[in-house]
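Working notes, beginning with the structure itself.
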Amino acid sequence: MKSEPSVYGIDHLQRDKRTSWGGVRNYQVRNMFRDDFAQGDLAFFYHSSCDEPGIVGTMKIAGKAYPDPTQFDPESEYFDPRSKRDSPSWLAVDVRFERRFRQPLPLDVLRSHPGLEGLLILRRGNRLSVTPVTGAEAELILSLAAEKGVP
DNA sequence: GCCAACGTTGGC
DNA sequence: GCCAACGTTGGC
């Protein structure tokens with residue numbers, strides 16, 4: 001799951017412990033939230049549009065997806081006037097901070113590591129702020145982080 | 001339903 | 001700041 005650290009990074013999540021991952025206005029991601037996300041799932045926190053893009057830590061999905069409240073809030077930048085209360089267009093999920101990698105895994109490391117070439121987030125022109133990771137890829141990423149000194 | 005124009009994203 | 005790539009929009 002990616003976010004710009006200048007807007008909301010892993011520092012914020014570490015402070016908040018738990019947050020609502022909302023404001024996503026993409027139907028593919030909405031469907032992933034709805035169909036694929038379950039309580040207890042592991043997620044990686046990816047920093048984008050910053051000095052060092054890459055995976056910076058892990059989170060746990062804290063529960064089922066629910067209607068994203070920001071779509072109904074006229075004050076929110078994510079307000080969607082077309083969305084109806086009785087059939088919300090957009091979903092959010094709650095995530096809980098798990099841990100921060102002592103050393104972030106930068107984009108170029110991810111790109112060049114055998115076994116991770118299938119990661120959707122590495123695809124050129126990828127439009128999704130949330131992308132799936134296979135079990136094997138997750139194990140690899142965790143072991144790479146461990147090599148870098150994370151307990 | 002097609003598709004060109006447009007806006008956004010994100011790495012560089 | 002550039003630009004490739006993509007999703008969305010709206011006219012037809």
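Naming: A, B, ... by sequence-line order, numbering from 1 per chain. These values consider heavy atoms only, across backbone and side chains, with no hydrogens, waters or symmetry-generated copies.
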**Asked** Do A:Met32 and A:Leu128 have side-chain heavy atoms sitting under 4.5 Å apart?
**Response** yes
**Asked** Looking at A:Arg25 and A:Asp68, does any basic side-chain N land under 4.0 Å from a carboxylate oxygen?
**Response** yes
**Item:** Side-chain donor or acceptor of A:His113 paired with backbone N/O of A:Leu110 under 3.5 Å
**Value:** no
**Message:** Looking at A:Gln14, I want to see if its CD is surrounded by more than 12 non-hydrogen atoms of other residues, nucleotides or ligands under 6.0 Å.
**Reply:** yes
**Message:** At a heavy-atom distance below 4.0 Å, which nucleotide of DNA chain C is the first touched by chain A, and which is the last?
**Reply:** C:dA4 to C:dT9
**Request:** Taking all non-hydrogen atoms of both residues into account, name the closest pair between A:Glu137 and A:Thr134 and its distance.
**Result:** OE1-N, 2.8 Å
**Request:** Grab the two heavy atoms, one from A:Ala145 and one from A:Leu105, that are nearest each other, plus how far apart they are.
**Result:** N-CD1, 4.1 Å
**Message:** Any base atoms under 4.0 Å from A:Arg127, or only sugar-phosphate, or nothing? Heavy atoms, all strands.
**Reply:** base
**Request:** Tell me, please, which residues at least two apart from A:Pro69 pass side-chain contact (heavy atoms from CB on, under 4.5 Å).
**Result:** A:Tyr66
**Message:** Filter on ring-ring contact (aromatic ring centres under 6.0 Å, His included), then keep only pairs touching residues 38-65 of chain A, sequence neighbours left out; what's left?
**Reply:** A:Trp21-A:Phe45, A:Phe45-A:His47
**Asked** Quick one: on DNA chain C, does A:Arg124 or A:Tyr27 contact a more 5' nucleotide (nearest heavy atom)?
**Response** A:Arg124
**Asked** When the C1' atoms of the five terminal pairs at each end define the local axes, what inter-axis angle does the helix from B:dG1-C:dC12 to B:dC12-C:dG1 show, to 10 degrees?
**Response** 10°
**Neighbours of DNA chain C within residues 72-83 of chain A, by heavy-atom distance under 4.0 Å** = A:Arg82
**ILVMFWY cluster, A:Met59 and A:Val133 together (side-chain gap under 4.5 Å)** = no
**Request:** Please go through A:Trp90's hydrophobic cluster and name the other residues, only I, L, V, M, F, W, Y counting, with side-chain heavy atoms under 4.5 Å joining them.
**Result:** A:Tyr27
